[in-house]
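These numbers come from the heavy atoms of this one structure, side chains and all, not from hydrogens, waters or symmetry mates. To find a chain, count down the sequence lines: A is the first, B the second, and so on, and within it residues start at 1.
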Protein chains: 2
Amino acid sequence: MTTKAKPARQIEPGTYEAYMHDCPAVALLSTISNRWVSLTMCTLGSYGDAMRYSHISREIPGVSQKMLTQTLRMLERDGMVKRTATPTVPVRVDYELTPLGQGLYGLLSQVRDWAADKTDEVDEARAHYDTRKTDQ
Amino acid sequence: MTTKAKPARQIEPGTYEAYMHDCPAVALLSTISNRWVSLTMCTLGSYGDAMRYSHISREIPGVSQKMLTQTLRMLERDGMVKRTATPTVPVRVDYELTPLGQGLYGLLSQVRDWAADKTDEVDEARAHYDTRKTDQ
DNA sequence: CTGTATCCCAAAAGATACTG
DNA sequence: CAGTATCTTTTGGGATACAG
């Protein structure tokens, strides 16, 4: 039936293959690996306290109201963010990281710091790449 | 990144505000915070050696050749990945992480492991959220 | 103030075909 | 094998209006 030498691939637990084919984990990683998600998590996490909607909005460069609301909803649904609405007039809504969200923030903040630290190095690599491509 | 003119706010260095308004770093963080970027980096990093194009392609669930090529190009340009073409027939191309890329992988792998570990907890949070929203 | 609801466009991504 | 080129579809995301 098959002409392939290896019809069924065995994936050993704990190997690199185990990660990539663990679809639920890949799906969650894909969800986290999103521009507005990481910026929102970093904003809430680095402030370290509950923030009002308008405050978050001001702190994230270029985010639209639609995307911020959408992202906060998703993070709330995933249990990363706790939303607290105070029924004053006008209404006041605060967002803060849950313990789960704080755990993720601990990792994302390292990525953020890495990015800040390596910005120059990456810029140089880009300039070098573009120069080579233009020259030849 | 920001198109609007910002009022001259005073931002103390080292504060949480310093991070979010350091636009080059935010831009780089936004670039990294991408589904195919993180999956590609995790695949290359966890394999720990050079991988052929077709090998990478097989290891990333659902990636199209267009997106994989585009992502690898971007990572190469940013200095994260080294591309080596061997002019055999047919051609053989290998990709591997640079030291810069390995540094980032060290952080992304932790995010990946976190995602694998917290998948169940996130699923529960989603189920709880959806139940509450349906009931009321 | 904090949203929700539309409309709409641009960009991202998938599918397919073709090539060195 | 490892792409490139082109086309189509889908999604992301901005603008606007409006409501609790």
**Student:** Can you name the residues that form a side chain to side chain contact (heavy atoms under 4.5 Å, CB included) with A:S109, not counting sequence neighbours?
**Tutor:**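 In terms of side chain to side chain contact (heavy atoms under 4.5 Å, CB included), with neighbours along the sequence ignored, A:S109 is linked to A:Y105, A:R112.
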**Student:** I'd like to check the side-chain hydrogen bond (donor to acceptor under 3.5 Å, both in side chains) partners of B:S54; sequence neighbours left out, ordered by chain and number.
**Tutor:**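 Per chain and number, B:S54 pairs via side-chain hydrogen bond (donor to acceptor under 3.5 Å, both in side chains) with no residue.
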**Student:** Under 4.0 Å between a side-chain N/O of B:S54 and OP1 or OP2 of D:dA2, yes or no?
**Tutor:**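 So the side-chain polar atoms of B:S54 do come within 4.0 Å of the phosphate oxygens OP1 or OP2 of D:dA2, strictly under.
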**Student:** I want to check one thing: is the phosphate of D:dA2, taken as OP1 and OP2, less than 4.0 Å away from some side-chain N or O of B:R83?
**Tutor:**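 False: B:R83 side-chain N/O out of range (4.0 Å or more) of D:dA2 OP1/OP2.
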**Student:** Do B:V37 and B:L39 touch side chain to side chain, with heavy atoms closer than 4.5 Å?
**Tutor:**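 A side-chain contact is absent here, since even the closest heavy-atom pair is not under 4.5 Å.
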**Student:** Can you list the residues that meet the side-chain hydrogen bond (donor to acceptor under 3.5 Å, both in side chains) rule with B:S33, with sequence neighbours excluded?
**Tutor:**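 For B:S33, the residues satisfying side-chain hydrogen bond (donor to acceptor under 3.5 Å, both in side chains) (neighbours in sequence not counted) are A:S38.
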**Student:** Closer than 4.0 Å, any side-chain N/O of A:Y53 to the OP1 or OP2 of C:dT4?
**Tutor:**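 Result: no.
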**Student:** Determine: side-chain N/O of B:R52 to OP1/OP2 of D:dC1, distance under 4.0 Å, yes or no.
**Tutor:**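 No, because none of the side-chain N or O atoms of B:R52 sits under 4.0 Å from OP1 or OP2 of D:dC1.
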**Student:** Kindly write out the residues that satisfy side chain to side chain contact (heavy atoms under 4.5 Å, CB included) with B:E124, not counting sequence neighbours, or none if the list is empty.
**Tutor:**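 Side chain to side chain contact (heavy atoms under 4.5 Å, CB included) list for B:E124, sorted by chain: empty.
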**Student:** Holding to side-chain hydrogen bond (donor to acceptor under 3.5 Å, both in side chains), I want the full list of residues that pass it with A:T31, two or more places apart in sequence or in another chain.
**Tutor:**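 So A:T31 forms no side-chain hydrogen bond (donor to acceptor under 3.5 Å, both in side chains) with any residue.
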**Student:** Are OP1 or OP2 of C:dC1 and a side-chain N or O of A:Y95 less than 4.0 angstrom apart?
**Tutor:**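 No, A:Y95 has no side-chain N/O under 4.0 Å of OP1/OP2 on C:dC1.
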**Student:** With sequence neighbours left out, write down each residue that passes salt bridge (Lys or Arg N to Asp or Glu O under 4.0 Å) with B:R77, or none if nothing qualifies.
**Tutor:**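 Scan of B:R77 (salt bridge (Lys or Arg N to Asp or Glu O under 4.0 Å), adjacent residues dropped) gives A:D130.
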**Student:** Does B:R73 have any side-chain hydrogen bond (donor to acceptor under 3.5 Å, both in side chains) partners at least two apart in sequence or in another chain, and if so, which?
**Tutor:**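 Listed in chain order: nothing, the list is empty.
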**Student:** Residues from residues 84-91 of chain B sitting under 4.0 Å of DNA chain D, heavy atoms only?
**Tutor:**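 Of all residues in residues 84-91 of chain B, the ones placing a heavy atom under 4.0 Å from DNA chain D are B:P90, B:V91.
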**Student:** How sharply is the helix from C:dC1-D:dG20 to C:dG20-D:dC1 bent, taking the axes over five pairs at either end and rounding to 10 degrees?
**Tutor:**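 Inter-axis angle at the ends, rounded: 50°.
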**Student:** Judged by atom type as modelled, is there a donor-acceptor pair below 3.5 Å linking the side chain of A:T71 to the main-chain atoms of A:W36?
**Tutor:**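 Checking the backbone N and O of A:W36 against the side chain of A:T71, no donor-acceptor pair under 3.5 Å is found.
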**Student:** If the condition is salt bridge (Lys or Arg N to Asp or Glu O under 4.0 Å), which residues does A:R92 pass it with, not counting sequence neighbours?
**Tutor:**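 Counting only residues at least two positions away or on another chain, A:R92 forms a salt bridge (Lys or Arg N to Asp or Glu O under 4.0 Å) with A:D94.
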**Student:** What's the CG-P distance between B:L68 and C:dA12, to the nearest Å?
**Tutor:**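 Rounded to whole Å, this separation is 17 Å.
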**Student:** What residues, two or more places apart in sequence or in another chain, satisfy side chain to side chain contact (heavy atoms under 4.5 Å, CB included) together with B:S64?
**Tutor:**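 Partners of B:S64 by the side chain to side chain contact (heavy atoms under 4.5 Å, CB included) criterion, ordered by chain and then number, come out as B:K66, B:M67.
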**Student:** Roughly how many Å is it from CZ in A:R73 to P in C:dA5, rounded to a whole number?
**Tutor:**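 Taking CZ of A:R73 and P of C:dA5, I get 11 Å after rounding.
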**Student:** Dump the pairs, protein N or O against N or O of nucleotides 12-14 of chain D, anything under 3.5 Å, distances to one decimal.
**Tutor:**
{"unit_1": "D:dG13", "atom_1": "OP2", "unit_2": "A:W36", "atom_2": "NE1", "d": "3.4"}
{"unit_1": "D:dG13", "atom_1": "N7", "unit_2": "A:K66", "atom_2": "NZ", "d": "2.8"}
{"unit_1": "D:dG13", "atom_1": "O6", "unit_2": "A:K66", "atom_2": "NZ", "d": "3.1"}
{"unit_1": "D:dG14", "atom_1": "OP2", "unit_2": "A:S64", "atom_2": "OG", "d": "2.6"}
{"unit_1": "D:dG14", "atom_1": "O6", "unit_2": "A:K66", "atom_2": "NZ", "d": "2.5"}

